[in-house]
Amino acid sequence: MSRTTPSRPIDIERVFPDLAVYRRTATRLHPRPGAPEAGDSSVGGLLLWPADELWPVCRERHRRGYGERTADVRLRRRVLAEAWSRVPAPGQRPGPTDEEGDVLRSLKRGRHAPLLGETDPIPLLAVAQLFRRDVPDLGGPTDHDLLQILWCPFDAHHGRHEPAVTLLWRRFSEVGDVLAVQPEPEVVGSEGYVPASCTLDPERVVEHPDIELLPDDLRERIDAWEGDEDDLDEDAVLYRSDLSVAPGWKAGGFASWHGTGRADVLCSCGARTDLLVTVASSEWDGGNRSWIPLEDRATADARGTNIPTQVTVGRWGSMNVFLCRADPTHPPRLSFQG
């Protein structure tokens with residue numbers, strides 16, 4: 001099913017014509033649970049990985065034997081999905097049965113890989129792959145048509161509280177035999193770092209910069225147009241939540257700075273960066289419901305509809321991945337917005 005973002009509730013460029021020079025397109029990825037194949041753009045699916053190429057590993061020093069078993073995370077999700085999809089019999093409560101409850105209670109965090117040392121290599125976890133044919137706003141080297149994203153699923157890298165993200169660029173035509181079984185870490189630091197298998201329904205949309213990025217004069221005029229925050233009701237249309245940056249997983253466009261305020265993101269080499277991909281904990285929330293695709297409106301409030309990937313980054317926020325303008329092979333820079 002394709003997804004269609006509703007037209008914005010207000011044509012903000014008619015209200016502020018000088019915004020037009022700042023407009024930019026982004027590709028909303030619209031991940032939804034599915035069974036993508038290795039040749040598909042996906043989140044949490046199989047990567048188109050050459051059979052004769054070594055899988056990347058993390059060797060950075062951090063605790064890696066304690067957490068949740070990757071297999072347990074997936075088992076918990078299967079049990080809960082089955083439990084909540086059932087129509088309860090008369091007199092029966094919805095949700096997990098007593099037997100399913102016993103299974104769920106047995107899936108606990110712990111030191112599940114006690115023999116792993118703090119620098120032992122552990123395989124990275126596949127996060128997403130994006131084909132340029134599907135994602136028109138995909139940045140990076142234009143002579144490569146496939147981006148693969150992996151991470152080490154522990155919050156202890158580069159001296160900061162974040163996963164270690166690896167980007168790999170490929171030419172689809174150069175991939176021969178494909179690796180049949182992807183390596184995975186036995187243990188993850190958080191279940192939110194295990195993406196559920198999702199197909200994508202990419203859709204191109206128009207964005208405007210976060211209000212923090214606008215010139216002072218324009219920002220002040222938009223603030224005055226919105227009015228006093230204390231006088232706004234729940235149906236008020238706001239620039240930041242309704243008219244600027246699309247929520248959810250996407251490629252290109254603008255980053256939101258609602259959590260930290262504006263910050264210059266520079267590569268380790270000192271060069272400026274561009275937003276490559278946004279990884280989101282949810283596709284929408286109570287503050288940006290105008291972006292809910294038309295096809296999801298009827299079920300928007302159903303359990304789990306807005307968290308299809310079951311990924312959690314930051315404090316249930318988003319992770320913006322920035323790429324070096326001077327050399328896209330440099331390690332990406334990350335910004336987390338709560």
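Small disclaimer: the values here were computed from a predicted structure and weren't measured. No hydrogens, no waters, no symmetry mates; every other heavy atom, side chains included, goes into these values.
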Salt bridge [X]-[Y], side-chain N to carboxylate O under 4.0 Å:
X: Asp72; Y: Lys108; result: no
X: Glu283; Y: Arg3; result: no
X: Arg219; Y: Glu212; result: no
X: Glu184; Y: Arg74; result: yes
X: Arg221; Y: Asp217; result: yes
X: Asp137; Y: Arg204; result: yes
X: Arg170; Y: Glu53; result: yes
X: Arg325; Y: Asp274; result: yes

State, with a plain yes or no, whether a side-chain heavy atom of [X] is found less than 4.5 Å away from one of [Y].
X: Thr166; Y: Trp151; result: no
X: Leu334; Y: Phe322; result: no
X: Ser190; Y: Pro153; result: no
X: Asn320; Y: Val277; result: no
X: Arg297; Y: Pro6; result: yes
X: Leu124; Y: Val57; result: no
X: Trp284; Y: Ile307; result: no
X: Arg133; Y: Pro202; result: no

Honestly curious: do Leu238 and Trp225 fall in one hydrophobic cluster under the side-chain, below-4.5 Å linking rule?
-> no
Derivation of the side chain to side chain contact (heavy atoms under 4.5 Å, CB included) call for Ile149 and Leu147 | CA-CA 7 Å; Ile149 305 173; Leu147 167 64; 4.0 Å; yes
Give a yes or no on this: more than 12 heavy atoms of other residues, nucleotides or ligands lie within 6.0 Å of atom [atom1] of [X].
X: Glu118; atom1: CD; answer: yes
X: Leu294; atom1: CG; answer: yes
X: Tyr22; atom1: OH; answer: no
X: Arg59; atom1: CZ; answer: no

So among Arg24, Arg23, Glu13, Arg240, which one has a side-chain hydrogen bond (donor to acceptor under 3.5 Å, both in side chains) with His208?
-> Glu13
Under the side chain to side chain donor-acceptor pair (under 3.5 Å) test, which residues partner [X], sequence neighbours left out?
X: Tyr239; answer: none
X: Asp228; answer: none
X: Thr199; answer: none
X: Gln129; answer: Gln148

Residues that [X] engages under side-chain contact (heavy atoms from CB on, under 4.5 Å), provided they are two or more places apart:
X: Leu179; result: Trp49, Trp55, Pro183
X: Ala38; result: Leu46, Leu48, Val178
X: Thr119; result: Arg61
X: Asp143; result: Pro141, Arg171

Work out which heavy atom in [X] is nearest to a heavy atom in [Y]; give both atom names and the distance.
X: Gly117; Y: Arg64; result: O-CD, 3.2 Å
X: Asn288; Y: Pro247; result: ND2-CB, 3.5 Å
X: Val237; Y: Asp242; result: CA-OD2, 3.5 Å

Please round to the nearest 0.5 Å and tell me the distance separating atom [atom1] of [X] and atom [atom2] of [Y].
X: Thr278; Y: Trp249; atom1: OG1; atom2: CH2; value: 10.0 Å
X: Arg333; Y: Leu275; atom1: CZ; atom2: CG; value: 15.0 Å
X: Glu60; Y: Cys152; atom1: CD; atom2: SG; value: 8.0 Å
X: Leu19; Y: Leu214; atom1: CG; atom2: CG; value: 6.0 Å
X: Glu226; Y: Leu243; atom1: CD; atom2: CG; value: 8.0 Å
X: Phe131; Y: Leu146; atom1: CZ; atom2: CG; value: 4.5 Å

Apply ring-ring contact (aromatic ring centres under 6.0 Å, His included) to His157 and list each qualifying residue two or more places apart in sequence or on a separate chain.
-> His62
Could you walk me through whether Phe336 and Arg315 pass side chain to side chain contact (heavy atoms under 4.5 Å, CB included), step by step?
-> CA-CA 9 Å; Phe336 292 84; Arg315 298 181 178 179; over 6 Å; no
Side-chain donor/acceptor of [X] to backbone N/O of [Y], under 3.5 Å:
X: Ser197; Y: Gly34; value: yes
X: Thr309; Y: Ala196; value: no
X: Glu100; Y: Leu80; value: no
X: Glu207; Y: Ser244; value: no

Between side-chain atoms of residues 262-273 and protein atoms elsewhere (two or more places apart, or another chain), which donor-acceptor pairs fall under 3.5 Å?
| residue | atom | partner | partner atom | Å |
| --- | --- | --- | --- | --- |
| Thr273 | OG1 | Val265 | O | 2.7 |

Decide yes or no on side chain to side chain contact (heavy atoms under 4.5 Å, CB included) for Thr97 and Arg86, but give the supporting numbers first.
-> CA-CA 11 Å; Thr97 64; Arg86 289 192 301 262; 3.4 Å; yes
Residues Ser335, Trp257; criterion side chain to side chain contact (heavy atoms under 4.5 Å, CB included); working and verdict = CA-CA 9 Å; Ser335 168; Trp257 295 100; 3.3 Å; yes
For Leu200, the option from Val43, Thr27, Asp40 that meets side-chain contact (heavy atoms from CB on, under 4.5 Å) |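 It is Val43, the one option of Val43, Thr27, Asp40 that forms the side-chain contact (heavy atoms from CB on, under 4.5 Å) with Leu200.
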Not counting sequence neighbours, which residues clear salt bridge (charged side-chain N to carboxylate O under 4.0 Å, His left out) with Asp145? List them please.
->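 Scan of Asp145 (salt bridge (charged side-chain N to carboxylate O under 4.0 Å, His left out), adjacent residues dropped) gives none.
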Just jot down the salt bridge (charged side-chain N to carboxylate O under 4.0 Å, His left out) partners of Glu203, sequence neighbours excluded, or say none.
->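 Glu203 satisfies salt bridge (charged side-chain N to carboxylate O under 4.0 Å, His left out) with no residue once adjacent residues are dropped.
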Over-ring placement of Arg63 relative to Phe154, 6.0 Å and 45° cut-offs = no
